[in-house]
**Student:** 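Following this message is one structure expressed as structure tokens.
Along the sequence shown, the residues carry numbers beginning at 1. Everything quoted here is computed from the prediction, not taken from an experiment.
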Amino acid sequence: HLSNLSHHTTLFATEKINMSALTDLFGPTLLGAEGKTVNTADLKADVVGIYFSAHWCGPCRGFTPSLASFYKDFEAKNPGKFEIVFASSDRDQAAFDGYFGEMPWKALPFAERDIKNKLSKKFKCNGIPYLVLVDAKTGETITSEGRMAVMRDPQGADFPWRPKALAEVLGSGKLVDGKGTEYGPEVLKGKVIGLYFSAHWCPPCRAWTPEFAKTYSKLVGEGKNFEVVFCSSDRDEASFKEYLGEMPWKALPFGDKRKDELSQRFKVEGIPTLVVVDETGTTITTNGRMALQGDPEGKEFPWLPKPLNELTGASASGLNESAQLVGFAADGSETAVQTVKEAMSPVAAEYVEAQKRAGKEQELGFMFVGEDEDDIAAEVVRFASLKKAARPFLLLLDIPSQQKYLLEGPVTEEAVRKVCDEFVSGKLQLVGLRG
């Protein structure tokens, strides 16, 4: 990951694949007990867990025995319900053989590195151990929080741990405000909701909360359907009440278990974090703080993602989430930057619309380096080892797969379309990031 880019992930993305879902995922064969070949199509299970792990990883070696115990117990009580496929990040065949020998489930052959890399990219595996559960018939992702689920529910009482609808989570208890007034879930109905993860002890939180409150009050005053729910990480109730007293919105009560559930759901790794969801509970952005800092007047409410974005601190986290095609102009002049934007905009809009129509998750984002180039653009150049590259150029940066593609020369619509089409078709000749 780029050192100063925040990381977050879109949670529980579901994507339909065809009826040969498991073969499409893993290829025609897997390894079973004692390394025997197993036909993928013969797997008998309602749910398949994809276990990303490696012997060199201490936390993996710590979790694998717990997962094995769960697997054996659950399979004994529920035969044909659950299977696991090990997707190895081991460094060599010998390490894989030794580690897989300790496992009671199936494995993707170690030699199938391309398939393993595609699985890592598809399921956004940015760290191990990582356990994703998918529906064996439809290929829909059930949860990407399998590891946490096994640890919290070792008896499998709630297996396969399908996530609740956001409305169900928020509606399972009351909300409060700074005056102590209690509210039911109806106050959130039909509104864009901001989930504000924050705490009084956190200086960046205290510094930003007054600014956020100004934007919130302005939007509500204009009649926008916007509500915010404070999800506290305060250490005691007195601090919680004092902090909530400075806020014009609602909150989960102090110590409410929904806070941890929401933190896990949206993979909140630090505070302050603002997650914005639409009226249906669909995530708009998990980086709402950056969106609001770039739009304090709320003119772009509810901050829907754009097909083409300027590479800034607010947008840079997208580099860690998926492949991004970044356009670098010949220089920072308005004319040069506008040329890049005009070349990229139609292709980006067409690609995003095509993905929506197909019901597919967007695998490629589009960015351009603006007139006010900041340290982010320079860091991208350093990170991708492009100091000798002659501008203008197009850079396809795929951090999740640790790959890149560089096309030097004028950034034209034709060039952008060519790179985009070849990436989507799998024909683009990517090289390693450090290459």
**Student:** How about Phe100 and Phe110: are their ring centres within less than 6.0 Å of each other?
**Tutor:**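 For Phe100 and Phe110, the ring centres are not under 6.0 Å apart.
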**Student:** Could you tell me if Tyr196 and Thr209 have a donor-acceptor pair between their side chains, going purely by distance under 3.5 Å?
**Tutor:** yes
**Student:** Any side-chain heavy atom of Leu252 sitting closer than 4.5 Å to one from Leu262?
**Tutor:** yes
**Student:** Going by atom types alone, do Ser333 and Thr335 pair a side-chain donor with an acceptor below 3.5 Å?
**Tutor:** no
**Student:** Would you say the side chain of Asp46 lies within less than 4.5 Å of the side chain of Asp135, judging by non-hydrogen atoms?
**Tutor:** no
**Student:** Scan Phe26, Phe96, Trp105 and name whichever one has a ring pair (Phe, Tyr, Trp, His ring centres under 6.0 Å) with Phe86.
**Tutor:** Phe96
**Student:** Does atom CD of Glu334 have more than 12 heavy-atom neighbours, drawn from other residues, nucleotides or ligands, at distances under 6.0 Å?
**Tutor:**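 Atom CD in Glu334 is not packed in, count stays at 12 or less.
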**Student:** Measure the CG-CD distance between Leu188 and Glu227 for me, rounded to the nearest 0.5 Å.
**Tutor:** 6.5 Å
**Student:** Within the side chain of Asp398, is there an N or O that forms a donor-acceptor pair under 3.5 Å with the backbone of Gln403?
**Tutor:** no
**Student:** Tell me whether Glu261 is salt-bridged to Lys257, with the criterion being a basic N under 4.0 Å from an acidic carboxylate O.
**Tutor:**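 Salt bridge between Glu261 and Lys257, a charged N being under 4.0 Å from a carboxylate O: no.
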**Student:** Are Val411 and Phe328 packed together at the side-chain level, in the sense that at least one heavy-atom pair is separated by less than 4.5 angstrom?
**Tutor:**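 They are not in side-chain contact.
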**Student:** Looking at every non-hydrogen atom in both residues, tell me the closest pair between Ala136 and Val48 and how far apart they are.
**Tutor:**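 Heavy-atom minimum between the residues: CB-CG2, 4.1 Å.
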**Student:** Atom NZ of residue position Lys306 - does it have more than 12 heavy atoms of other residues, nucleotides or ligands inside 6.0 Å?
**Tutor:**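 No, not enclosed.
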**Student:** Report yes or no: does Glu408 contribute a side-chain atom to a donor-acceptor pair with the main-chain N or O of Ala390 at less than 3.5 Å?
**Tutor:** yes
**Student:** Could you check if a side-chain atom of Leu396 sits within less than 4.5 angstrom of a side-chain atom of Leu364, using non-hydrogen atoms only?
**Tutor:**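 Leu396 vs Leu364: side chains touch.
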**Student:** So does Ser89 get a backbone contact from the side chain of Trp56, meaning a donor-acceptor N/O pair under 3.5 Å?
**Tutor:**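 It does hold such a pair.
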**Student:** Any chance you could measure Gln324, atom CD, to Leu319, atom CG, to the nearest 0.5 Å?
**Tutor:** 5.5 Å
**Student:** Enter the distance from Ser239:OG to Leu244:CG here, rounded to the nearest 0.5 Å.
**Tutor:**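 Between atom OG of Ser239 and atom CG of Leu244 there are 12.0 Å.
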**Student:** What closest approach, in Å, do Ala377 and Leu311 show between heavy atoms, and which atom pair accounts for it?
**Tutor:**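 That closest heavy-atom pairing would be CA-CD2, 4.0 Å.
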**Student:** More than 12 heavy atoms of other residues, nucleotides or ligands under 6.0 Å from CD of Gln429: yes or no?
**Tutor:** no
**Student:** Checking side-chain contact (heavy atoms from CB on, under 4.5 Å) between Ser198 and each of Cys205, Pro204, Ser233, which is the one that passes?
**Tutor:** Cys205
**Student:** Checking side-chain contact (heavy atoms from CB on, under 4.5 Å) between Pro302 and each of Ile284, Asn225, Asp278, Thr285, which is the one that passes?
**Tutor:**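 Among Ile284, Asn225, Asp278, Thr285, the one that satisfies the side-chain contact (heavy atoms from CB on, under 4.5 Å) with Pro302 is Ile284.
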**Student:** Answer yes or no: is there a donor N or O on one side and an acceptor on the other, between the side chain of Arg258 and the main chain of Leu170, under 3.5 Å?
**Tutor:**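 Answer holds: yes.
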**Student:** Counting C-beta onward and ignoring hydrogens, is there a side-chain heavy-atom pair between Leu397 and Leu433 closer than 4.5 Å?
**Tutor:** yes
**Student:** Decide if atom CD of Glu414 counts as having more than 12 heavy atoms of other residues, nucleotides or ligands within a radius under 6.0 Å.
**Tutor:**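 It does not: Glu414 CD has 12 such atoms or fewer within range.
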**Student:** Side chain to side chain contact (heavy atoms under 4.5 Å, CB included) for Ser53 and Thr64? Distances and angles first, verdict last.
**Tutor:** CA-CA 8 Å; Ser53 185; Thr64 297; 4.0 Å; yes
**Student:** Between atom CG of Leu407 and atom CG of Leu428, what is the distance when rounded to the nearest 0.5 Å?
**Tutor:** 9.0 Å
**Student:** Please round to the nearest 0.5 Å and tell me the distance separating atom CG of Leu22 and atom NZ of Lys106.
**Tutor:**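 Interatomic distance, Leu22 CG to Lys106 NZ, rounded to 0.5 Å: 12.0 Å.
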**Student:** Between Phe212 and Trp208, what is the ring plane arrangement, given parallel below 30°, perpendicular above 60°, and tilted in between?
**Tutor:**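 Geometry flag for Trp208 against Phe212: parallel rings.
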**Student:** Using a 3.5 Å distance criterion without hydrogens, assess whether the side chain of Asn117 forms a donor-acceptor pair with backbone atoms of Arg113.
**Tutor:**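 Confirmed, Asn117 side chain pairs with Arg113 backbone.
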**Student:** Any non-hydrogen side-chain atom of Ser385 less than 4.5 Å from a side-chain atom of Lys404?
**Tutor:**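 Yes, at least one pair of side-chain atoms sits under 4.5 Å.
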**Student:** For Tyr130 and Ser120: C-alpha separation, side-chain torsions, deciding distance, then whether side-chain hydrogen bond (donor to acceptor under 3.5 Å, both in side chains) applies.
**Tutor:** CA-CA 10 Å; Tyr130 184 56; Ser120 295; over 6 Å; no
**Student:** Any ion pair linking Glu310 and Lys341 (charged N to carboxylate O, less than 4.0 Å)?
**Tutor:** no
**Student:** Is atom NZ of Lys218 surrounded by more than 12 heavy atoms (other residues, nucleotides or ligands) closer than 6.0 Å?
**Tutor:**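 For Lys218, atom NZ is crowded (more than 12 foreign heavy atoms under 6.0 Å).
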**Student:** Are any of the side-chain nitrogens in Lys418 or Glu422 under 4.0 Å away from the carboxylate oxygens of its partner?
**Tutor:**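 Salt bridge: yes.
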**Student:** Please step through side-chain hydrogen bond (donor to acceptor under 3.5 Å, both in side chains) for the pair Ser172 and Lys164, ending with a clear verdict.
**Tutor:** CA-CA 11 Å; Ser172 63; Lys164 299 175 183 176; over 6 Å; no
**Student:** Take Glu413 and Val347, measure what side chain to side chain contact (heavy atoms under 4.5 Å, CB included) needs, and give me the verdict at the end.
**Tutor:** CA-CA 7 Å; Glu413 182 177 338; Val347 181; 3.9 Å; yes
**Student:** Given side chain to side chain contact (heavy atoms under 4.5 Å, CB included), test Met148 with Thr143 step by step and report yes or no.
**Tutor:** CA-CA 10 Å; Met148 184 64 68; Thr143 178; over 6 Å; no
**Student:** Can you name the closest pair of heavy atoms from Leu308 and Ser345 and give their distance?
**Tutor:** CD2-OG, 3.3 Å
**Student:** If you apply the rule side chain to side chain contact (heavy atoms under 4.5 Å, CB included), what do you find for Asn39 with Thr29, and how did you get there?
**Tutor:** CA-CA 5 Å; Asn39 291 325; Thr29 60; 4.0 Å; yes
**Student:** Do Thr286 and Thr273 have side-chain heavy atoms sitting under 4.5 Å apart?
**Tutor:**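 No, too far: nothing below the 4.5 Å cut-off.
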**Student:** Which pair of heavy atoms, one from Ala330 and one from Ala336, lies closest together, and at what distance?
**Tutor:**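 It is N-CB, 4.3 Å.
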**Student:** For Phe226 versus Ile193, what's the shortest heavy-atom pair and its separation?
**Tutor:**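 The answer is CE1-C, 4.3 Å.
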**Student:** Is there a donor in the side chain of Ser322 and an acceptor in the side chain of Lys124, or the other way round, less than 3.5 Å apart?
**Tutor:** no
**Student:** Could you walk me through whether Tyr351 and Phe366 pass the ring-ring contact (aromatic ring centres under 6.0 Å, His included) check?
**Tutor:** CA-CA 10 Å; Tyr351 170 79; Phe366 297 81; 5.7 Å; yes
**Student:** Please lay out, stage by stage, how Glu297 and Lys299 fare under the test salt bridge (charged side-chain N to carboxylate O under 4.0 Å, His left out).
**Tutor:** CA-CA 6 Å; Glu297 297 298 311; Lys299 294 179 180 179; over 6 Å; no
**Student:** Check whether any side-chain heavy atom of His200 sits under 4.5 Å from a side-chain heavy atom of Ser232, and report yes or no.
**Tutor:** no
**Student:** Using every non-hydrogen atom in the two residues, find where Phe423 and Glu363 come nearest and quote the distance to one decimal.
**Tutor:**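 Heavy atoms only, the tightest pair is CE2-O, 4.1 Å.
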**Student:** Using 4.0 Å as the upper bound for N to carboxylate O, is an ion pair formed by Lys179 and Asp177?
**Tutor:**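 Salt bridge flag = no for Lys179 with Asp177.
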**Student:** Step by step, work out the ring-ring contact (aromatic ring centres under 6.0 Å, His included) result for Phe230 and Tyr243.
**Tutor:** CA-CA 10 Å; Phe230 170 40; Tyr243 195 29; 5.5 Å; yes
**Student:** With rounding to the nearest 0.5 Å, note down the distance linking CD in Glu112 to NZ in Lys118.
**Tutor:**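 That separation rounds to 10.0 Å.
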